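Some notes on the structure that comes next.
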Amino acid sequence: MVAALQNAVDAGDLSVPVPSTVTVERPKNRDHGDYATNVALQLAKAAGKPPRAVAELLAGRLVAITGIKQVDIAGPGFLNITLDAAAQGELARAIVLAGDEYGRGSALTGQNINLEFVSANPTGPIHIGGVRWAAVGDALARTLRAAGAQVGTEYYFNDAGAQIDRFARSLLAAAKGEEIPEDGYVGGYIENIAAQVVAKSPDVLSLPESEAREVFRVEGIALMFAEIKQSLAEFGVHFDVYFNEKELHDKGELDAAVARLREQGHIFEQDGAVWLRTTDFGDDKDRVVKKGDGAWTYFAADCAYYLDKRSRGFDRVVIMLGADHHGYIGRIKAMVACFGDDPEYNVEILIGQLVNLVKDGEPVRMSKRAGTVVTLEDMIELIGVDAARYSLARASVDSSINLDVNLLTKRANDNPVFYVQYAHARMCSVKRNAAELGIDKGTADVFNPGLLVHEKEAELLGVLGEFPRVVASAADLREVHRVARYLEDVATAYHKFYDDCRILPSERYPIPAELTRARLWLAEATQTVVANGLALLGVSAPERM
RNA sequence: GCGCUCGUAGCUCAACGGAUAGAGCAUUUGACUACGGAUCAAAAGGUUGGGGGUUCGAAUCCCUCCGAGCGCGCCA
């Protein structure tokens, strides 16, 4: 497309700057060809010609390209391109031969991205908000890698401070059979962990209060973290690094970070505290990094942590946070700018809206401190890993989602994940049946792409061809739900094809052997795309269901 | 009060500024010895919260009002 445009300019037909990329998309309406572009509309003004005149110039050059059957001009000046069948059918061969590699690309090659998500402190099980990030963050990591980026995933936590103290006191109270403190944590897991600590150290309750609390703190954190990691593993989520805030303090990185900020001229002292002048870069107010009593703030650790990531070679730091943390965007961007980095490039903060659980039409209140929390383990038990991951990954994180407990538990079949997985299982089934009949798709050189001329075959091929672009844009926009939505389109196109185009011959439906082979290639190409796409989401592609 | 995010079919959610706003579920009607019907075909369902503006073209960008959620500590 760009080449055709360049030719037109070179030949003097058009005088416009040639854009580096031209948007070509698959039109929603099949009457608009296999591919369409609005380039003529966009260049019309610069060219000083009516859009349709620009379109005519380009159309003439496009039809000359091999594989393009027809070019139409529609509406205000859209170019609708139709490919010939053999050119489209070739795609099936290319996909099958590429296998696992199909869809992978180099859009983000050269970028070294640090992706931080979940980052829940070990004071309780991962609750549903964290589950959303586990599903989306892990899928995003896979998708970024597929687009060529180098990615390090990271879970940040701290195991000191007031939150953890409350946790330890709650455990102690539970072990003693006393009432949980007013501001403590309640829930079955507290009882459970307290009992485990007592079982491990039977004499803990006879220790002085402060010593006992320390035992519960240390042992409790260890048990809680083991539980968290266990559920994440069951969920198929792996982190390259679990980063403890303590490490920053131990290595003196907070001092180093503040010294660096001071060099940059953004540190000042006031009212006995040390501040970072984040208002220089658009934050609402300046931020304290060291309190009047000499203690560091959490924000100071954030600064040090950012610098630590950068020093480990990551040029893009992506942090995924819940909607209740959106207030941090301003100060983090400003902090990055204070370091002299580019807040538009070096840091990126993704905000995920809430996940609401609805049961019997009533919202289920979620809180780590309530006994009725829905945790990662609950989700796995109730609806399974695949359905949970898929239903969380298929929605944009920009929109809050309502998951109906009754629907997910009783009506699991309604979930689109089954629709996609079923398509995959169906293809596997056809392959099994083919094998029983002694039929094979044959080698690549006997595949005849020109036979795939049915409307549903053309549609399916067109959708399959989109996959690499879907992966690239999902990675670039950090929107993995595009992958899920795309897979639903693939499944639909496959089911329609399956319905209209019989693959295997039977007594009632004789099919020429060559056509059977061609369709087996197409089915296998589809299976490859579905399997590769589900893998990006961390969802299984079952051979039977 | 200030700020952030959002408002799309009855419900749950889509739609790089593009053509007639799309899927699934629910509802209605067909395909039923079927390469697994967990599917397909069709119908119905919308003034994209309201109102202005920007342009060839707006659910999308800008302004304003209404409504929802969440933030505005020398807490973590």
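All heavy atoms count here, side chains included; hydrogens, waters and symmetry mates do not. Proteins come first, then strands; the chains are lettered A, B, ... in the order of their sequence lines, and each starts at number 1. Remember, it's a predicted structure, so these values are computed and weren't measured experimentally.
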Residue A/Asn433, side-chain heavy atoms: nucleotide from B/A14, B/G36, B/U12 that is nearest: B/G36
Spacing between A/Phe418 atom CZ and B/U12 atom C1', to the nearest angstrom: 16 Å
Sugar-phosphate only, base, or nothing, as touched by A/Glu543 at under 4.0 Å among non-hydrogen atoms: base
RNA chain B: 5'-proximal contact among A/Trp296 and A/Ala425 (nearest heavy atom): A/Ala425
Pair partner, B/U55 [Watson-Crick or wobble, under 3.5 Å]: none
Rounded distance in Å between the C1' positions of B/G46 and B/G7: 15 Å
hbond_proxy A/His325 side chain to B/G71 base (donor-acceptor, 3.5 Å cutoff): no
Nucleotide of B/A76, B/G69, B/C40 approaching A/His495 most closely (side-chain heavy atoms): B/C40
Sugar-phosphate only, base, or nothing, as touched by A/Cys501 at under 4.0 Å among non-hydrogen atoms: base
Under 3.5 Å on both distances, the Watson-Crick or G-U partner of B/C4: B/G69
Value in whole Å for how far the P atom of B/A76 lies from CG of A/Asp165: 11 Å
Distance, rounded to the nearest Å, where A/Asp499 contributes CG and B/G30 contributes P: 18 Å
Touch class at under 4.0 angstrom, heavy-atom based, for A/Ile503 against every strand present: base
Nearest-angstrom distance, C1' atom, B/G49 to B/A9: 15 Å
Pairing partner (Watson-Crick or G-U wobble, both distances under 3.5 angstrom) of B/U48: none
Flag, side chain of A/Arg277 to backbone of A/Thr279, donor-acceptor distance under 3.5 Å: no
Pair partner, B/U60 [Watson-Crick or wobble, under 3.5 Å]: none
Closest listed nucleotide, where the reference is the side chain of A/Lys496 and the choices are B/G37, B/A41, B/A15: B/A41
d(OH, A/Tyr419; P, B/G36) in whole Å: 17 Å
Backbone N/O of A/Pro542 and side chain of A/His424: donor-acceptor pair under 3.5 Å: yes
N or O in side chain of A/Arg426 less than 4.0 angstrom from B/G37 OP1/OP2: yes
Any A/Tyr390 side-chain N or O less than 4.0 Å from OP1/OP2 of B/G24: no
A/Arg394 CZ - B/A23 C1' separation (whole Å): 8 Å
is_close_aromatic(A/Tyr328, A/His325), centroid dist under 6.0 Å: yes
Sugar-phosphate only, base, or nothing, as touched by A/Arg544 at under 4.0 Å among non-hydrogen atoms: base
Ring centre gap for A/Phe243 and A/Phe157 strictly below 6.0 Å: no
Base paired to B/U12 (Watson-Crick or G-U; both N/O distances under 3.5 angstrom): B/A23
Separation of atom OH in A/Tyr422 from atom P in B/U39, rounded to whole Å: 7 Å
Between A/Tyr155 and A/Phe225, ring centroids under 6.0 Å: yes
Among B/C75, B/U12, B/G36, the nucleotide that comes nearest once only the side chain of A/Lys291 is considered: B/C75
Residue met sooner reading RNA chain B from 5', once A/Phe497 and A/Asp324 are mapped to nucleotides: A/Phe497
Opposite nucleotide pairing with B/G17, Watson-Crick or G-U, both atom distances under 3.5 Å: none
Nearest-Å distance once atom P is located in both B/U39 and B/A58: 37 Å
Rounded distance in Å - OH (A/Tyr498) to P (B/A38): 11 Å
B/U12 phosphate, OP1 or OP2, under 4.0 Å from A/Asn356 side-chain N/O: no
A/Tyr509 ring over B/C35 six-membered base ring, under 5.5 Å and 30°: no
Side chains of A/Asp386 and A/Gln421, donor plus acceptor under 3.5 Å: yes
Strand partner of B/C74, provided both Watson-Crick or wobble distances fall under 3.5 Å: none
Span that lies between the P atom of B/C61 and that of B/G69, in whole angstrom: 23 Å
Distance test, side-chain N/O of A/Lys431 to OP1/OP2 of B/G36, below 4.0 Å: no
Among B/A15, B/G69, B/A76, the nucleotide that comes nearest once only the side chain of A/Tyr328 is considered: B/A76
Shortest side-chain distance from A/Arg508, nucleotide among B/A34, B/C74, B/A76: B/A34
Contact under 4.0 Å: A/Ser429 side-chain N or O vs B/G36 OP1/OP2: yes
Sugar-phosphate only, base, or nothing, as touched by A/Asp476 at under 4.0 Å among non-hydrogen atoms: nothing
P gap between B/C35 and B/U28, integer Å: 28 Å
Option passing side-chain contact (heavy atoms from CB on, under 4.5 Å) with A/Leu350 (candidates A/Ile329, A/Val397, A/Val136, A/Val318): A/Val318
Any-strand Watson-Crick or G-U partner of B/U33, both distances under 3.5 Å: none
Phosphate-side-chain proximity, A/Lys285 and B/G3, N/O vs OP1/OP2 below 4.0 Å: no
Rounded distance (Å) that lies between atom C1' of B/G36 and atom CD of A/Gln527: 15 Å
Contact under 4.0 Å: A/Lys456 side-chain N or O vs B/C40 OP1/OP2: no
B/G24 to B/A43 separation - P atoms, rounded to the nearest Å: 13 Å
Check: A/Tyr486 side chain, B/A23 base, donor-acceptor under 3.5 Å: no
Distance, C1' atom - from B/G1 to B/G10, rounded to whole angstrom: 38 Å
A/Ser400 vs B/A68: side-chain N/O to OP1/OP2 distance below 4.0 Å: no
N or O in side chain of A/Arg432 less than 4.0 angstrom from B/G36 OP1/OP2: no
A/Tyr298, nearest nucleotide to its side chain (from B/A76, B/C35, B/A38): B/A76
Gap in Å between the two C1' atoms, one belonging to B/U60 and one to B/U48, rounded: 10 Å
Cationic tip of A/Arg426 above A/Tyr494 ring, under 6.0 Å, 45° of axis: no
Proximal nucleotide (of B/A38, B/A14, B/G69) relative to the A/Met545 side chain: B/A38
Sugar-phosphate, base or nothing in reach of A/Glu436, heavy atoms under 4.0 Å: nothing
Test item: A/Asp286 side-chain N/O and A/Trp275 main-chain N/O as donor-acceptor pair under 3.5 Å: no
Rounded distance [0.5 Å steps], CZ in A/Arg482 versus CG in A/Leu487: 14.0 Å
